[in-house]
Amino acid sequence: MKNLMSAFLILMFLLSAGVVFAEEQVQKTIPPSTAAEQGAPPAQSAPAAPVAAEAPAPLKIDTGDTAWMIVATALVMLMSIPGLALFYGGLAKKKDSLNTMAMTFVAFCIASILWVMYGYTFSFGTDIGGFIGGAEKLMLKGVGPNSISDLAKTIPEYIFLMYQMTFAAITVALASGAYIERMKFSAWVIFSVLWMTLVYVPVAHWVWGGGFLAKLGALDFAGGTVVHVNAGIAALVGALVLGKRKEKSLLPSNLTLVVTGAGLLWFGWFGFNAGSALGANGLAGAAFLNTNTATAVAAIAWMVVEWMHSKKPTVLGLASGAVGGLVAITPAAGFVNISGAIVIGLAAGIIPFFAVAWLKPKLGYDDTLDAFGIHGIGGTLGAILTGVFADPSINEAGKGLLYGNPGQLVTQLIAVGVTMVYSAVMTLIIFGIIKVLVGLRVDPEEEMIGLDESQHGEKAYNL
Amino acid sequence: MKNLMSAFLILMFLLSAGVVFAEEQVQKTIPPSTAAEQGAPPAQSAPAAPVAAEAPAPLKIDTGDTAWMIVATALVMLMSIPGLALFYGGLAKKKDSLNTMAMTFVAFCIASILWVMYGYTFSFGTDIGGFIGGAEKLMLKGVGPNSISDLAKTIPEYIFLMYQMTFAAITVALASGAYIERMKFSAWVIFSVLWMTLVYVPVAHWVWGGGFLAKLGALDFAGGTVVHVNAGIAALVGALVLGKRKEKSLLPSNLTLVVTGAGLLWFGWFGFNAGSALGANGLAGAAFLNTNTATAVAAIAWMVVEWMHSKKPTVLGLASGAVGGLVAITPAAGFVNISGAIVIGLAAGIIPFFAVAWLKPKLGYDDTLDAFGIHGIGGTLGAILTGVFADPSINEAGKGLLYGNPGQLVTQLIAVGVTMVYSAVMTLIIFGIIKVLVGLRVDPEEEMIGLDESQHGEKAYNL
Amino acid sequence: MKNLMSAFLILMFLLSAGVVFAEEQVQKTIPPSTAAEQGAPPAQSAPAAPVAAEAPAPLKIDTGDTAWMIVATALVMLMSIPGLALFYGGLAKKKDSLNTMAMTFVAFCIASILWVMYGYTFSFGTDIGGFIGGAEKLMLKGVGPNSISDLAKTIPEYIFLMYQMTFAAITVALASGAYIERMKFSAWVIFSVLWMTLVYVPVAHWVWGGGFLAKLGALDFAGGTVVHVNAGIAALVGALVLGKRKEKSLLPSNLTLVVTGAGLLWFGWFGFNAGSALGANGLAGAAFLNTNTATAVAAIAWMVVEWMHSKKPTVLGLASGAVGGLVAITPAAGFVNISGAIVIGLAAGIIPFFAVAWLKPKLGYDDTLDAFGIHGIGGTLGAILTGVFADPSINEAGKGLLYGNPGQLVTQLIAVGVTMVYSAVMTLIIFGIIKVLVGLRVDPEEEMIGLDESQHGEKAYNL
Amino acid sequence: MKKIEAIIKPFKLDEVKDALNEIGIQGMTVTEVKGFGRQKGHVELYRGAEYDIAFIPKVKLDVVVPDSLVAKTVAAIEAKAKTGKIGDGKIFILPVEEVLRIRTGETGEAAI
Amino acid sequence: MKKIEAIIKPFKLDEVKDALNEIGIQGMTVTEVKGFGRQKGHVELYRGAEYDIAFIPKVKLDVVVPDSLVAKTVAAIEAKAKTGKIGDGKIFILPVEEVLRIRTGETGEAAI
Amino acid sequence: MKKIEAIIKPFKLDEVKDALNEIGIQGMTVTEVKGFGRQKGHVELYRGAEYDIAFIPKVKLDVVVPDSLVAKTVAAIEAKAKTGKIGDGKIFILPVEEVLRIRTGETGEAAI
Ligand SMILES: Nc1ncnc2c1ncn2[C@@H]1O[C@H](COP(=O)(O)OP(=O)(O)O)[C@@H](O)[C@H]1O
Ligand SMILES: Nc1ncnc2c1ncn2[C@@H]1O[C@H](COP(=O)(O)OP(=O)(O)O)[C@@H](O)[C@H]1O
Ligand SMILES: Nc1ncnc2c1ncn2[C@@H]1O[C@H](COP(=O)(O)OP(=O)(O)O)[C@@H](O)[C@H]1O
């Protein structure tokens with residue numbers, strides 16, 4: 001408890017420091033071109049919509065693009081709470097459901113705060129040596145209602161930065177799926193703070209903020225490496241460090257919640273993927289189409305494989321396949337054509353199934369809800385296949401192996417590999433720090449009683 | 001099982017054939033006017049928004065319209081998963097909840113795939129004799145990020161076609177409400193494939209794709225005949241063929257899910273109805289207003305009738321009335337004024353109540369969740385009343401009986417009648433085919449144990 | 001029952017009268033400038049977006065603004081059903097869950113109907129002496145698809161009026177949190193009719209419809225006084241009049257629903273707050289950012305306080321803190337900068353916690369779900385702090401104490417005070433009327449059995 | 001020792017429990033059960049159609065008491081659980097041969 | 001009087017209940033229980049991995065009857081609950097010393 | 001034959017079950033119950049206010065065994081269910097007059 005309190009005190013201190021700091025700068029009305037001064041390169045993964053091309057001189061907000069991006073931001077928020085919280089909470093045991101939901105909830109809150117304090121500037125501030133963004137927008141200094149970022153030239157910077165925040169939040173939350181039913185809540189709180197700061201922020205910079213992977217030409221439309229590979233590896237490493245649960249079975253407390261969560265994830269993912277076009281345009285349309293198609297194909301593929309392999313098609317299988325498809329199409333959504341989407345969907349429905357049903361028991365790590373099996377494997381698949389199927393007639397910015405550019409595949413492999421190694425090493429270090437600060441696991445008896453009772457003093461259901 | 005597998009093999013074969021086919025055409029950047037070459041007539045039910053009128057020459061994407069239509073598409077997706085899945089799943093018995101949810105889930109996935117393969121082109125391709133669309137857009141051939149359909153001149157064709165897909169999916173899923181608690185899951189999978197192909201696609205073409213009912217002047221703003229009459233009749237016929245359940249009572253497992261589902265349906269229906277304006281304009285506003293008003297009136301009307309008739313106002317009654325109102329206002333939403341909406345709402349709250357509480361027991365068919373009673377009856381009501389209340393000051397395209405055009409009412413009756421007969425006959429044939437392939441009903445013991453256990457090997461709740 | 005029926009008859013009579021009345025006016029195509037004739041002042045709290053400024057002469061719909069406002073309206077609808085219904089229903093006892101959900105459901109339906117009949121015109125019609133709007137738009141007379149209100153110059157009036165409707169509905173529903181587990185359903189139905197008519201409509205006019213508080217310069221971006229203080233006071237007064245429940249404990253039946261509801265509220269609140277910019281612009285971006293940040297800060301703050309105060313951080317605490325933050329930032333969302341949002345969030349996480357955990361038991365009123373503790377206190381906090389932190393560089397329309405305008409704080413206090421007194425007195429009168437008409441509380445035995453059974457003859461769960 | 005099994009209406013549980021505490025009984029075990037009996041199930045009306053819900057929710061109270069306390073216990077339950085309306089429930093008395101408290105290993109009346 | 005405790009398969013409950021009603025037994029109490037026995041729990045497959053669900057849902061029927069009805073009652077339950085497959089369940093007969101109807105205060109066989 | 005009713009802490013169920021299997025007991029029936037006793041309910045804190053949750057979740061284990069196995073059974077349950085902390089629960093032993101296996105019609109000890 002004492003250690004925990006010190007962690008909180010640090011958090012609160014940072015917060016108040018931030019307030020004072022921001023207070024001082026008294027935000028003057030900022031000219032729209034502020035962002036341009038950073039000299040950030042135009043977004044590679046999201047070419048300007050044809051409409052925007054008409055207004056080259058001063059950056060100007062387009063109400064249509066803005067309308068879509070406000071909604072897209074809200075949609076990605078919904079993916080965390082309640083989407084992922086339901087998906088994970090329903091899969092957890094009855095006695096751990098609420099704790100599982102709380103992990104996503106608190107991660108979203110923490111990311112929301114840290115992002116405006118320093119996450120945004122270190123991710124999307126002026127690039128420093130390809131590794132990290134500059135500190136010029138600490139506490140959103142200099143960002144006002146009229147600011148526009150060079151990375152999203154037709155929408156208010158406030159929306160752009162909130163949109164990016166929602167990605168940070170869900171990436172952290174995703175990892176929790178591998179840790180539930182045994183991790184201390186205080187440990188998770190600290191994990192959220194440290195992992196978002198030390199892992200998410202730099203990786204986001206590398207790929208989307210003009211860092212070295214962006215310069216290398218890595219394609220990641222909506223977060224295959226930044227989000228899913230990143231979180232999936234953190235999930236695996238964390239699961240190994242935490243060790244196995246006492247009761248290793250997956251005994252879903254409430255599959256109606258799982259279906260609900262899967263539905264909300266699917267719905268919100270349109271914001272995630274089609275929103276990554278950063279405008280209401282044909283590219284967003286392509287991303288929407290690819291997302292929905294790959295997801296449906298993956299769900300059906302998982303169902304068919306399971307039907308043949310285990311005699312019965314489970315509803316959890318349908319939902320898992322759908323999530324697998326959503327994950328795998330994420331990096332590819334704005335680059336591939338419909339055939340690419342179908343192939344990616346098939347791969348995402350079949351390969352994660354075997355990862356989960358066959359590889360996991362074999363390797364013996366205890367990834368409770370298969371955050372690695374679905375997000376890690378699915379994200380890797382998607383990132384690599386983007387290098388194969390990226391079709392320049394969909395998006396000029398991406399040209400894959402099939403369209404005569406084998407180098408893209410190499411680039412994709414590098415991006416995935418770098419992310420994997422970095423995420424693994426840093427996650428290990430972070431778990432080490434947490435172990436020292438507050439410990440990782442609850443007592444065995446607390447685990448038996450359930451984490452709802454032991455961590456929160458609550459019960460999910462009083463029915 | 002063998003038959004089932006053959007069905008899947010066919011599906012998979014189609015899928016891979018499609019991929020190869022699409023691969024060959026190597027999508028070149030398509031000039032925006034592609035769609036125009038089809039010579040399709042301008043959409044009658046969705047007059048161009050005033051804004052669009054300013055750019056007559058080349059079709060150009062409007063970001064505002066696009067923003068709204070992306071969201072509307074996502075909203076209609078949400079209506080299926082988790083909206084309808086929750087509404088139906090909560091009403092099913094505890095032991096059949098998950099299977100009920102799975103029916104909607106799998107139907108949505110199947111429709112998603114088949115629509116991009118051939119559903120879109122046969123519905124919205126160049127009209128062939130008023131009966132079916134041409135095959136020129138198989139596997140979305142020739143549709144690219146810059147394509148614009150002549151039926152929706154300010155948004156990317158990718159969004160238009162996804163929007164239409166969501167309608168196909170929910171129409172199939174709606175019918176499941178009459179079949180649950182006894183139908184084999186494999187039978188439902190095959191039903192989804194066949195019914196969407198043989199029933200939904202042609203009917204959608206007739207009314208919205210420039211087919212013979214469109215030429216006749218039938219008004220159906222957002223799917224009274226195409227969606228609700230169509231699905232409602234399939235529900236009735238299927239329920240008759242399947243026969244009665246062993247345990248005929250309606251014992252809702254979880255009414256909190258039903259309220260949640262009803263809320264999500266209401267929310268998503270704004271995409272369904274206001275989205276059918278195909279743009280962000282005053283007509284969308286009218287459809288929004290009418291939708292909300294009719295729904296509220298119908299919910300209150302059902303509540304009052306039930307309060308007087310059965311002494312207590314049930315929460316299920318409120319929710320059922322709301323859904324009835326949503327259904328009935330669907331064809332009328334963009335044609336009637338507020339008085340029309342209120343009258344339609346009153347009718348939709350009162351008449352389905354008696355259909356369900358009085359007619360159903362009398363006729364003795366076992367429509368588990370009243371898919372016919374609410375969607376069939378409600379859709380018919382709405383389609384006919386559109387012919388009465390269509391007010392040209394709301395939408396020039398529609399002029400009903402009350403505004404001096406009695407012919408419209410006749411047209412509406414024809415459209416409803418044609419749809420009913422076609423849907424009934426084809427549903428009968430399709431059930432016959434399924435019976436031969438895999439059989440229709442589960443064993444009596446499987447029915448007693450519940451379909452969650454017997455079809456999926458899962459339990460909805462482990463509480 | 002007799003009294004109840006008479007209440008319904010009145011309702012139905014009004015409805016049919018309305019239909020006839022509206023029928024007579026045969027809506028001609030209305031020139032867009034209709035609304036301008038009212039001479040309403042331009043919206044203070046929502047300055048026109050830069051884009052709109054280009055088209056000064058005739059009011060013209062902007063598709064981007066319209067797209068956003070359609071969605072925002074749907075989002076606020078979602079906040080009621082199922083958002084608030086889930087949040088409240090999950091907190092209620094198992095035997096009262098459904099009744100709790102029904103209260104929100106029916107309130108939304110009633111508000112939907114009454115708003116189009118007379119609510120809109122009395123709130124937003126031509127100001128009469130600062131106290132009430134004129135009757136010129138009874139039954140939406142003169143409002144058509146092309147109408148534009150002077151209060152929202154870039155969107156269809158249909159959308160503006162529906163947006164405002166959703167605020168009326170949720171305000172009524174919020175109060176139910178203090179009344180549940182003992183109030184007759186018929187009493188609640190009558191309360192909804194009377195309170196919306198006699199309390200919400202005038203207060204909305206005073207603050208947003210050009211009434212005396214608007215003229216005074218009260219700042220209320222999205223409803224701190226109109227919605228939260230107003231409903232919170234009604235909650236307190238009603239709880240006092242109703243008296244204590246037999247079983248006073250808060251025994252949440254289903255906390256997974258509470259988390260889901262909190263998530264949907266958070267999601268929908270972006271429509272509530274960012275939508276109050278009435279367009280897709282930088283101000284909406286500011287409101288979005290402030291809303292999310294204050295909410296996250298409040299959730300974390302509540303969690304920390306609870307962790308220290310009661311040893312364990314509950315999930316209900318996280319959710320309650322989030323809702324507290326959403327409430328408190330509501331009036332401030334489009335006026336304050338990020339520091340203001342953080343301070344408001346901190347206050348909203350800490351002060352309501354003590355109101356609920358310490359003040360309530362001390363004062364002894366039985367506000368079942370803390371509608372007063374969270375909405376009343378939180379709304380008051382937010383309204384006052386808006387007067388402190390309003391930063392003219394965010395929004396020229398608001399300048400608070402910290403920016404050299406202490407008068408604003410006084411104005412805010414007046415607005416809060418006036419609303420409190422008015423709401424308290426009128427709620428008292430309304431409860432008096434209901435007591436005479438149908439009585440307020442259910443029988444003690446009905447209370448023991450639960451209101452689901454006694455009021456609706458249903459059970460929430462058959463598991 | 002005897003085991004007293006009482007089937008009572010659920011909303012009477014609190015009162016009965018308090019009454020038993022008063023006469024010095026400290027332990028009891030409660031089970032949610034469904035009763036079928038003379039009291040007929042209610043009718044639920046969903047969408048206007050009637051459904052017979054045959055069973056009625058009851059709670060079963062298991063109390064093991066020394067012989068000396070049987071009469072008092074039965075009287076207390078009877079007094080508190082009675083509403084006089086059909087469906088008030090039953091009290092059954094069964095013989096118990098031995099009792100053991102797991103925590104301490106005590107047996108007999110000391111263990112109750 | 002005897003208490004007959006029958007552990008049966010849940011989906012047989014309705015039939016058994018009707019059979020008991022036919023032989024004149026009006027009251028019974030039903031509890032949802034989990035059974036462990038020779039019938040092995042089924043295997044649930046989540047994401048391709050097998051999980052043993054050791055316990056099996058059963059219902060327990062408690063019927064208190066006068067001695068004269070014991071044989072008939074047992075026979076009726078046996079007849080209706082039997083499927084011949086493993087896991088059909090058991091019938092236990094326990095002595096009951098006294099019965100009291102809470103509503104009326106009647107005791108003995110009259111109270112059943 | 002005897003019926004052994006043990007009220008134990010839920011998280012001890014698996015261990016107890018395994019111990020019984022080991023001494024050759026193959027069948028048992030488990031019910032979720034709520035216990036009131038010396039162990040006081042915990043306090044739940046919702047929004048900072050304390051609520052007494054008087055009852056405590058327990059499981060009841062019903063095992064019918066031949067007289068010869070009673071001692072062993074009781075000992076096994078006692079050994080495994082014991083934590084030494086308050087609320088460990090009780091074991092009650094009740095006489096059983098007859099047992100019948102529904103599937104086969106066997107009676108007496110053979111039916112257990
Ligand atoms: N013979 C019986 N054996 C076991 N339980 C019984 C028996 N008769 C009644 N019960 C239980 O007692 C409850 C009340 O009995 P019922 O006949 O409805 O009313 P009353 O107690 O007024 O006679 C029943 O719901 C049932 O649970
Ligand atoms: N010795 C026992 N004591 C209590 N309950 C038992 C006992 N043996 C079996 N049961 C109950 O009877 C049910 C059926 O027993 P099982 O051995 O599976 O099959 P069968 O009844 O065919 O012998 C079990 O699930 C359990 O609930
Ligand atoms: N007289 C009794 N009759 C029936 N059940 C009892 C009795 N006394 C205790 N129990 C059950 O045993 C459980 C444990 O008893 P308790 O008094 O809390 O602790 P201990 O077992 O350590 O004495 C209780 O929760 C209750 O379910």
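Labels below follow one simple rule: chain letters A, B, ... track the order of the sequence lines, proteins then strands, and each chain is numbered from 1. Every heavy atom of this structure was used, including side-chain atoms; hydrogens, water molecules and symmetry mates were not.
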- request: Under 4.5 Å heavy-atom distance to chain A, tell me which part of Ser454(B) shows up: side chain, backbone, both or neither.
  value: backbone
- request: Please report the closest heavy-atom contact between Trp68(A) and Ala274(A), naming both atoms and the distance.
  value: NE1-O, 3.5 Å
query: Donor-acceptor pair, Asn462(B) side chain versus Leu251(A) backbone, under 3.5 Å?
result: no
statement: Of all heavy-atom pairs linking Val172(B) and Met196(B), the shortest is CG2-CB, 3.8 Å
query: Where do Leu326(A) and Trp266(A) come nearest, in terms of heavy atoms and distance?
result: CD1-CA, 3.8 Å
side-chain contact (heavy atoms from CB on, under 4.5 Å) evaluation trace for Glu157(B) with Tyr120(B): CA-CA 11 Å; Glu157(B) 186 168 6; Tyr120(B) 177 59; 2.6 Å; yes
- request: Go through Val116(B), Asn254(B), Ile159(B), Ile70(B) and name the one with the most non-hydrogen pairs under 4.5 angstrom from chain A.
  value: Ile70(B)
- request: Heavy-atom pairs under 4.5 Å with chain B are the metric here; pick the option from Thr314(A), Leu316(A), Val71(A) that has the most.
  value: Thr314(A)
task: Spell out the residues in residues 284-294 of chain A that have some non-hydrogen atom less than 4.5 Å away from a non-hydrogen atom of chain B, in order of number; otherwise answer 'none'.
output: Ala284(A), Gly285(A), Ala286(A), Phe288(A), Leu289(A), Asn292(A), Thr293(A)
Residue pair Phe160(A) / Ala152(A): nearest heavy atoms and the distance that separates them: CD1-CB, 3.7 Å
Member of Asp62(B), Asn281(B), Asp65(B) meeting the side-chain hydrogen bond (donor to acceptor under 3.5 Å, both in side chains) criterion with Thr154(B): Asp65(B)
message: With a sphere of 6.0 Å drawn around NZ of Lys93(B), does it hold more than 12 non-hydrogen atoms of other residues, nucleotides or ligands?
response: yes
Which portion of Met165(B) sits near chain A, non-hydrogen atoms under 4.5 angstrom: side chain
message: The criterion is salt bridge (Lys or Arg N to Asp or Glu O under 4.0 Å); which residues satisfy it with Glu446(B), sequence neighbours excluded?
response: none
field: Minimum heavy-atom distance between Lys153(B) and Leu59(B), given as atom pair plus value
entry: CB-CD2, 3.6 Å
- prompt: Which heavy atom in Gly275(A) sits nearest to a heavy atom in Ala72(A), and how many Å separate them?
  reply: CA-CB, 4.0 Å
query: What about Trp269(B) and Phe272(B), are their ring centers closer than 6.0 Å?
result: yes
query: What part of Leu98(B) is in contact with chain A, defined as an atom under 4.5 angstrom from a non-hydrogen atom: side chain, backbone, both or neither?
result: both
task: Among the options Val258(A), Thr295(A), Thr256(A), pick out the one with the most heavy-atom pairs lying under 4.5 Å from chain B.
output: Thr256(A)
- request: Report the residues that fulfil ring pair (Phe, Tyr, Trp, His ring centres under 6.0 Å) with Tyr461(A), sequence neighbours left out, ordered by chain and then residue number.
  value: none
query: With a 4.5 angstrom heavy-atom cut-off, which part of Ala341(A) approaches chain B: side chain, backbone, both or neither?
result: neither
- request: Write out, in numerical order, the residues from residues 74-89 of chain B with a heavy atom short of 4.5 Å from a heavy atom in chain A.
  value: Ala74(B), Leu75(B), Met77(B), Leu78(B), Ile81(B), Pro82(B), Leu86(B)
